[in-house]
Amino acid sequence: MGEQDDASAPRDGGRRSARFWGRARGPLLAALTGALPVLIFPAPGWWWFAYVCLVPLLLVLRAAPTPRRAAWLGWWGGIGFLLGVMSWLIPSLGPAILVLAAFLGGLWAPWGWLVHRLLHGTPDAGRALAALVLIPTGWLLTETVRSWQYLGGPWGLLGASQYQQHFALRLASVGGVWLDSLVIVAVNTAVVVLLAAWGRSAVAWLTLLSLGAATAAVTLWAPAPHPTGRTAAIGVVQPGMAVANDAVGDRTVRGEQLSGTLAASRPDLVLWGESSVSFDLDARPDLATGISRVATRTGADVLVNVDAVRPGRGGIYKSSVLVGPEGVTGQRYDKIRLVPFGEYIPLRPVLGFVKDFSKAAGVDRRRGSDPVVMTVPTRDGGTLKVGPLICFESAFPDMSRALVQRGAQVILVQSATPTFQSTWAPEQHASLAALRAAETGRPVVQATLTGVSVAYDANGRQTGTRLGKDASAATVYTVSLTTGDTLYVRWGNWVPTGSALVLLLSGGVWAVSARRNRVREAGAGKPETPSGGR
């Protein structure tokens, strides 16, 4: 008996292991395929892979045995996607990133259900058409919801991967980065329809041809910004990693030194990175005086970024502060959209424990209330209107749009990513400036403490030489000023709004149709009333 028990134990263990891996195989495969889109963003930069990057995940979801199982796998696919594109947060969040990914991954569950309903088996023409409309709009609704600042913001939008492609930048000028995402998911869906139909789907082929033709038309004929004939010279100062983590003002000293080298280039404005000044300038007039001397030497106002407690306001603010030869000018912008966990902890009474095992914010920063457009004097005796954004805010298309609507001629981004220097985050963050430029038809200049600092013209094309993560330097970017509005500036976020309406309308039609079918089936199931009366 004992020998039989001993012999059966390994068999039972093997069966348990097989059952475990049988149950885990689907979720793990969904998570792995969901993470593939990380390769389309910098630094890998496989932009072309975007147009098939969702195909493996879509195939996993359509092969699920039931819609409910597909929703479960969609959740795991969302977890994999978020862990991939947000992996740079691991130094800040530690193990808490798993909790965050699991929470937000739930947004992909309805999408997984939708994919299965429309793509399981061999879809006929009707289901294929519905899939080619609803799967892209469903993905876009997921992107839109998770882009809410309190859920993490719009990092890792698929369309942002196309920042170097002229056709994609033109699409962004019409519908923002959202339109690029919609096209990418539509192409992925068409590929899966063709795979499911062994290449015999006229609907999928017509969709691909239509997308190509529409993209070509937008590239050729969409309204473009008009040069005014004027230029603006923006001096960018990047202190470098060696002084990025100081606590006593070394980055400010280095900023002053590097700014002095720009005098011969005659900039119209000198731009410093995020948290370039660690003390409030009203409380430290000596610092304000030193920066004023920089403005005098360069002949240009200096836009610094102060990360400090503000006297009389009882909290820490991140603020863009303009300093001229006469001192602080009074023009200030306080950061509105803060980085969750990095600059504040959502629901701190509940989630505050995260700071005990990560680099999450020990103290919440305070928020500003409104965008600000600043007016600075230029070398030619005129003025220049600039709109500052601080780091994370450049990920939000609506914020740069709001600045342009208020008259900004150049959008300025102040950033600091020293915590993430060993990740792909600095390159990804710098790439967002190209999308913001294309969307608004205004040049964007980004200055960072540690790289990457870069500039893009009003069409989203890089201008000048970027300063990489290994640079401690200053340079001047000369950008052409433009006028006129892009369609995105005029119409705003019409693509996500339209996608939500399409899904709501389709859901309503489906509900009415399902109800009619139930009524019809119930009527068909009733026994016939015998004729002839009583």
Side-chain angles (χ1 to χ4, degrees), residues 149 153 232 234-237 252 255 268-284 287-288 291-292 294-295 300-324 326-339 342-344 364-378 383-417 429 432-433 436-437 440 442-449 453 455:
Q149 59 174 311
I234 310 296
V236 166
V237 173
T252 304
D268 294 305
L269 177 72
V270 176
L271 180 65
W272 290 14
E274 180 187 18
S275 303
S276 47
V277 178
S278 304
F279 303 93
D280 186 86
L281 294 180
D282 290 333
R284 289 287 303 273
L287 289 178
I291 298 169
S292 295
V294 170
D301 287 0
V302 183
L303 187 64
V304 301
N305 189 272
V306 176
D307 184 4
V309 175
R310 186 177 306 170
R313 299 293 292 273
I316 301 175
Y317 288 81
K318 282 197 173 182
S319 305
S320 302
V321 179
L322 192 66
V323 181
E326 305 301 322
V328 177
T329 67
Q331 299 188 72
R332 175 193 295 266
Y333 165 67
D334 297 327
K335 188 175 185 179
I336 297 173
R337 293 181 181 169
L338 304 176
V339 180
E343 293 171 340
Y344 79 102
D364 290 349
R365 265 59 174 176
R366 299 293 183 88
R367 299 178 187 275
S369 56
D370 295 297
V372 172
V373 173
M374 301 178 180
T375 303
V376 299
T378 56
T383 58
L384 177 69
K385 293 186 178 296
V386 299
L389 297 173
I390 302 176
C391 200
F392 177 62
E393 294 180 325
S394 71
F396 293 86
D398 65 300
M399 294 201 71
S400 51
R401 175 175 177 255
L403 290 172
V404 171
Q405 289 179 321
R406 292 176 179 232
Q409 297 170 286
V410 181
I411 297 168
L412 305 176
V413 181
Q414 296 176 301
S415 178
T417 54
H429 186 243
L432 297 177
R436 304 295 85 87
T440 59
R442 298 294 183 270
V444 178
V445 180
Q446 174 167 305
T448 70
L449 284 183
S453 299

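Counting begins at 1 with the first residue of the sequence. As the structure is a computational prediction, the values presented were derived from the model and not from experiment.
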Could you pull out the closest heavy-atom pair between Asp301 and Pro377, with the gap in Å?
OD2-CD, 3.5 Å
Is the backbone of Val321 close enough, under 3.5 Å, to the side chain of Ser319 for a donor and an acceptor to pair up by distance?
no
Heavy-atom nearest pair, Glu393 first then Ile336, reads OE2-N, 2.7 Å
Heavy-atom pair of closest approach, residues Gly324 and Ala295:
C-CB, 3.6 Å
Side-chain H-bond candidate by donor/acceptor type, Gln149 with Arg367, under 3.5 Å:
yes
Using a 3.5 Å distance criterion without hydrogens, assess whether the side chain of Thr448 forms a donor-acceptor pair with backbone atoms of Gly273.
no
Trace of the side-chain contact (heavy atoms from CB on, under 4.5 Å) decision for Ile234 with Leu384:
CA-CA 11 Å; Ile234 310 296; Leu384 177 69; 4.1 Å; yes
In Å and rounded to the nearest 0.5 Å, what is the CD1 to CG distance from Ile316 to Asp280?
11.5 Å
For a side-chain contact (heavy atoms from CB on, under 4.5 Å) check, start with the C-alpha distance between Arg436 and Val413, then their side-chain angles and the critical distance, and finish with the verdict.
CA-CA 11 Å; Arg436 304 295 85 87; Val413 181; over 6 Å; no
When you measure from the side chain of Asn305 to the backbone of Ser275, do you find a donor-acceptor pair of N or O atoms at a distance under 3.5 Å?
yes
Smallest heavy-atom separation, Leu281 atom then Ala288 atom, equals CD2-N, 3.9 Å
Ignoring hydrogens and geometry beyond distance, is a side-chain donor-acceptor pair present between Tyr333 and Gln414 at under 3.5 Å?
no
Does Arg442 form a side-chain contact (heavy atoms from CB on, under 4.5 Å) with Ser400? I'd like the steps, not just the answer.
CA-CA 9 Å; Arg442 298 294 183 270; Ser400 51; over 6 Å; no
Can you tell me if Thr329 uses its side chain to pair, donor with acceptor, with the backbone of Leu322 under 3.5 Å?
yes
